[in-house]
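First up is the structure itself, then whatever we jot down about it.
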Amino acid sequence: MTQVVITGTGVFTPENVITNEELVTAFNTYADNFNEKNAAAIDAGEINAVPHSSPEFIKKASGIEQRYVLNKTGVLDPDIMHPVLRAREESELSQMAEMAVAAAKVALQKAGKTASEIDAVICAASNHERAYPAIAIEVQEALEIKGFAFDMNVACSSATFGIQAARDMIRGGSARSILIVNPEICSAHLEWRDRDCHFIFGDVCTAMILERADLALSDSRFEIIDTRCVTEFSNNIRNDAGFLRRTREGHMQDRRDMLFRQEGRKVFREVVPLVSALITEHLEANDLSADQLSRLWLHQANKTMNDFIGSKVLGRTPEKHEQPNILQNYANTSSAGSIIAFSQHSDDLNSGDLGVICSFGAGYSAGSIIVKRL
Ligand SMILES: CC(C)(COP(=O)(O)OP(=O)(O)OC[C@H]1O[C@@H](n2cnc3c(N)ncnc32)[C@H](O)[C@@H]1OP(=O)(O)O)[C@@H](O)C(=O)NCCC(=O)NCCSC(=O)CC(=O)O
């Protein structure tokens, strides 16, 4: 069977940082303004007052300390409470394509590849900024890549499902090398006015080069030993914004269900066992045991959740270096999270070392990728 390797990764990180303290100051001002404006209705019991948020809660409940965003001023303006991004001309690169090109250039350079050596582009992300043409095709044109390109969306598991799709296409012979990009503008699907989740997300873009091992030039090669993807339907993480919105009465209004929403506790309870079983069974199917793993690069949604999964999989508390978290700096960046962790915490592994990249999120969807440093 054709051996497929990951030879380069890249991360584009936006310049703007929002700390928990800045975020909470803006949120609490919004809450005070809302409560003052709606005092009569709140007193009459018609609507609920918006309670204050706190940096201490955020850090304790999630492990998140800050997040990067494309636009900070809109998010932190109590009268706006969402990012404000300039509409772009058709002649300009779209926002997602621009992030993707920046991350892709780093991944290409690390892989020692030129665009002419790439046969396909997959843009795998939780949200795409337009229906069509595909962002991936725009990235393909911007980088002057021949071949084909397409967008795909499996929410938080877009990147791992993208790896499986790319690996299978390379094995099947439809491409020799594939660029995967994961531009995640999570700030735009987050309800920054909702205390339960306003701290959760950040923006970023990751990129990876997957190719046939016999064509690889980079010293940093991770063989994809095996991939396993699972899905199980759940409404516990949901966003109803979609192209039928205009057809449904009242759906064009400012509605909570047209942005990210979740039953965080249920997600926690249901996804931890699903993911630990996925990794454990995937290792068993490959005649591997958890004590042979040098690293777990987990989805970056919640520190406690990762601590649980790591302990369940390894049968002991993981050492910090065995299960690196990046969510304290980036927050949840949906599909990009585990790839940031992989990109920033894999250079130190030695030849023969094994690890698992694992995503989980809306769908539910979860992906496990067993890799070996060559
Ligand atoms: C969302 C959570 C951080 C919430 O943490 P907890 O479960 O501890 O907290 P909770 O919601 O029950 O709230 C506990 C108490 O704190 C209060 N509380 C809530 N938010 C608060 C805030 N900002 N500041 C202060 N207090 C707050 C609540 O009202 C409640 O009060 P009281 O006790 O008085 O009622 C966590 O459940 C979580 O991370 N779950 C997993 C989420 C996850 O992995 N999601 C996937 C994301 S989707 C994804 O990754 C992307 C994708 O799929 O595309």
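Along the sequence shown, residues carry numbers from 1. In each ligand, atom 1 is the first atom listed, and ligand 1 is the first ligand listed.
Counting only heavy atoms, the protein never gets under 4.0 Å from atom 11 (O) of ligand 1. Within a 4.0 Å radius of atom 46 (C) of ligand 1, the protein contributes one or more non-hydrogen atoms. Within 4.0 Å of atom 29 (O) of ligand 1, at least one protein heavy atom is present. Within the 4.0 Å cut-off (strictly below), no protein heavy atom is located near atom 35 (O) of ligand 1. Put simply, atom 32 (P) of ligand 1 has no protein non-hydrogen atoms near it, under 4.0 Å away.
Side-chain atoms of T280 do not come within 3.5 Å of backbone N or O of A277 as any donor-acceptor pair. Side-chain atoms of D353 do not come within 3.5 Å of backbone N or O of S294 as any donor-acceptor pair. Checking side-chain atoms of R295 against main-chain N and O of H345 turns up a donor-acceptor pair under 3.5 Å. A donor-acceptor pair is defined here as one N or O able to donate and one able to accept, closer than 3.5 Å; such a pair exists between the side chain of Q66 and the backbone of N329.
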Can you list the steps and then say if L274 with F360 is a side chain to side chain contact (heavy atoms under 4.5 Å, CB included)? CA-CA 9 Å; L274 188 147; F360 40 90; 5.9 Å; no
Salt bridge (Lys or Arg N to Asp or Glu O under 4.0 Å) between D226 and R228: does it pass, once the steps are laid out? CA-CA 7 Å; D226 197 27; R228 182 174 284 195; 5.6 Å; no
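Nearest to atom 42 (C) of ligand 1 by heavy atom, out of Q262, H189, E56, R265, is Q262. Within the set D194, D196, V154, the minimum heavy-atom distance to atom 19 (C) of ligand 1 is found for D196. Distances from atom 13 (O) of ligand 1 to the heavy atoms of F360, F201, F57 show the closest one on F57.
A salt bridge (charged side-chain N to carboxylate O under 4.0 Å, His left out) with E211 is found for one member of K113, R167, R221, R176 and no other, namely K113.
Contact of the Q323 side chain with the D307 side chain is registered, since non-hydrogen atoms from C-beta on lie closer than 4.5 Å.
Taking the six-membered ring for Trp and thresholds of 30 and 60 degrees, Y30 and F34 have ring planes inclined between 30 and 60 degrees apart. By the 30° and 60° cut-offs, the orientation of the rings of H189 relative to F201 is tilted.
Heavy atoms of K60 come nearer than 4.0 angstrom to ligand 1 in no pair at all. At least one heavy atom of F260 sits less than 4.0 Å from an atom of ligand 1.
Other residues, nucleotides and ligands place more than 12 heavy atoms under 6.0 Å from the CG atom of D43. Heavy atoms from other residues, nucleotides or ligands lying under 6.0 Å from CD of Q109 number 12 at most. Shown here is R246, whose CZ atom has no more than 12 heavy atoms of other residues, nucleotides or ligands within 6.0 Å. In this structure, E92 places its CD atom where more than 12 heavy-atom neighbours from other residues, nucleotides or ligands lie under 6.0 Å away.
Distances below 4.0 Å separate heavy atoms of I237 from the following atoms of ligand 1: 46 (C), 48 (S). Heavy-atom contacts of M305 reach the following atoms of ligand 1: 41 (C), 44 (O) (cutoff under 4.0 Å). Residue contact check: N332 has heavy atoms under 4.0 Å from atoms 47 (C), 49 (C), 50 (O) of ligand 1. Against a heavy-atom cut-off of under 4.0 Å, G361 is close to the following atoms of ligand 1: 53 (O). For ligand 1, the atoms sitting less than 4.0 Å from at least one non-hydrogen atom of S334 are 51 (C), 52 (C), 54 (O), numbered in the order shown with element in parentheses.
Distance from atom 51 (C) of ligand 1 to its nearest protein heavy atom, with residue and atom name: C156 SG, 2.4 Å. Shortest contact from atom 5 (O) of ligand 1 to any protein heavy atom: A61 CB, 3.8 Å. The protein heavy-atom contact nearest to atom 17 (C) of ligand 1 is R195 NH2, 3.4 Å. For atom 53 (O) of ligand 1, the nearest protein heavy atom (residue, atom name, distance) is A362 N, 2.6 Å.
Looking at ligand 1, you won't find any N or O of S62 less than 3.5 Å from one of its N or O atoms. Below 3.5 Å of separation, one finds an N or O of G264 facing an N or O of ligand 1. By the 3.5 Å distance cut-off applied to N or O atoms, N302 is counted among the residues near ligand 1. Not a single N or O atom of A155, backbone or side chain, sits closer than 3.5 Å to an N or O atom of ligand 1.
Heavy atoms of A301 found under 4.0 angstrom from ligand 1 belong exclusively to the side chain.
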